[in-house]
Structures are given as structure tokens and as C-alpha cells.
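Note that ligands are numbered from 1 as they come in the structure, with each ligand's atoms numbered from 1 the same way.
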Amino acid sequence: MPKHTPTHLDPRSPLVLDTRELPRRPGALRTVKRFVSAPSDLGLELIGVPEGADLSLDLRLESVSEGVLVSGTVNGPVTGECGRCLRPINDSVVVTVQELYAYEHSTTDETTDEDEVGRLQGDLINLEPAVRDAVVLALPTNPVCRDDCPGLCPDCGVPLDELPEGHRHEQVDPRWAALSNLTREEE
Ligand SMILES: [Zn+2]
Ligand SMILES: [Zn+2]
């Protein structure tokens, strides 16, 4: 019995890599260049890769004595909302991944925790957690449409950069307003 019971990986999942073609001989190499569709929840609350968007994988799989080293880049579009003016953001993200996945029953498998070193499940590698971590790290927690976005007018909610310079609202205390009406009547 394995000491951990992994959930079964679906080889058709976009971020599951099949290493059957990679000889288990240290130094053997395979490259993976392809587009896959992004899984859900890839990103943060205000900004992320839309589900189903094209993620481009450009990866190198290398056999090492204890497993497979995956390195390369993943890039894809991101959409979100500016935290200051709420306008939509359309951008892209490129992340670098470098992860070792240990063979089942290798020394690494027996001597490390799964959260330290990933695991192969049979011939399959689940790249999704590594990609998810990298994407989340690469995205801003407070996304803005541009660095100097002035945000919204606190009174009318219109983006300040769409308003004329010096836009402000008269802050008239109702009591003063009554008084100024009075003065006007006297004139
Ligand atoms: Zn903005
Ligand atoms: Zn205003």
C-alpha cells in the first residue's frame, strides 16, 4: 500500500503531463510545447486567467535519477478589474516553473513529503498546483489599470481621468445653504 492515496489523475486534463515518451534514463529529454485550456480559478479574486483561455506551455522534461524535472514557461492572458477605477484590465502573464517530480517508490518518494517534492503518479505529472502557485505569485494582489490611475471621484463615482481638471463638488453645509439663500433674498 502506498503511504499516500493520490487522487487519480486524468491524462486528458490540460495540465497533466504524460511522461510515457520520456525514457527513465537520467539525461533523457522531451519538450512539450502546446496550448491547453486554462483550468478554473487560475489566479486571484480580482485578476486571473479566464477559465478556458489558451495557456501556452513551453516545457522541458528531463529524466533525473529519482524522477522527472520539469522546467520552462507557461503564459496566458489575464483579465481583471482595476482596484481603483473598476475598469477592466486585459493583460498577460508569463511564469517560470521548475519542479522535480519523484518516481513512485524512489528514495525521494520514501524520504520526502509530497509538499516538498511533487510525485509522479505512474507516468503522469500533475503540473496544475505548480502552475497555479506561480501564476498567483506573479499576479498583483491590488491590480490597477495603470500605475497612476487616479481612481474614482468619491462623490459622483466617475473616473477622475474622465473628468475635467479641478473637478470637485461644492461641499455646502445645508445650514450655510439656508443662510446664503437668506442673504440673497436681502439683496
Ligand atoms: Zn484604473
Ligand atoms: Zn465627482
Side-chain angles (χ1 to χ4, degrees), residues 7 9-10 12-17 31-61 69-101 114-116 118 125-187:
T7 48
L9 290 179
D10 180 354
R12 289 160 307 172
S13 286
L15 289 170
V16 169
L17 304 174
T31 52
V32 172
K33 276 183 205 273
R34 61 171 184 240
F35 285 99
V36 298
S37 60
S40 58
D41 300 320
L42 188 58
L44 300 164
E45 201 180 321
L46 288 176
I47 191 162
V49 179
E51 183 176 359
D54 273 349
L55 275 185
S56 151
L57 309 183
D58 189 350
L59 303 169
R60 202 176 100 120
L61 277 54
L69 181 68
V70 179
S71 54
T73 57
V74 175
N75 77 66
V78 294
T79 58
E81 192 174 79
C82 175
R84 294 184 200 153
C85 72
L86 313 179
R87 283 197 194 96
I89 298 176
N90 289 295
D91 204 348
S92 59
V93 69
V94 185
V95 295
T96 309
V97 280
Q98 184 165 42
E99 289 282 319
L100 174 68
Y101 295 88
E114 225 172 320
D115 45 2
E116 293 170 66
I125 286 174
N126 183 13
L127 200 63
E128 192 173 318
V131 170
R132 194 177 291 282
D133 287 354
V135 167
V136 164
L137 270 179
L139 292 175
T141 21
N142 296 304
V144 284
C145 60
R146 55 188 169 89
D147 285 341
D148 60 350
C149 172
L152 303 173
C153 169
D155 293 311
C156 64
V158 172
L160 285 169
D161 52 11
E162 284 176 13
L163 291 166
E165 215 177 311
H167 165 83
R168 53 193 279 279
H169 298 259
E170 291 302 338
Q171 299 286 353
V172 185
D173 185 304
R175 285 165 299 178
W176 288 112
L179 205 63
S180 70
N181 285 342
L182 214 63
T183 333
R184 215 164 287 148
E185 274 163 27
E186 280 172 10
E187 277 167 2

Angular separation of SG (C145) and SG (C149) seen from the Zn ion (ligand 1), to 10°: 110°

Trace of the side chain to side chain contact (heavy atoms under 4.5 Å, CB included) decision for L42 with E51: CA-CA 7 Å; L42 188 58; E51 183 176 359; over 6 Å; no

Considering only N, O or S atoms of H167, the one closest to the Zn ion (ligand 2): NE2

Any donor-acceptor pair under 3.5 Å from R132 side chain to D41 backbone: yes

Heavy-atom side-chain contact between P14 and L55 under 4.5 Å: no

Atom name of the N, O or S atom in H169 that lies nearest to the Zn ion (ligand 2): NE2

CG (N142) with more than 12 external heavy atoms under 6.0 Å: no

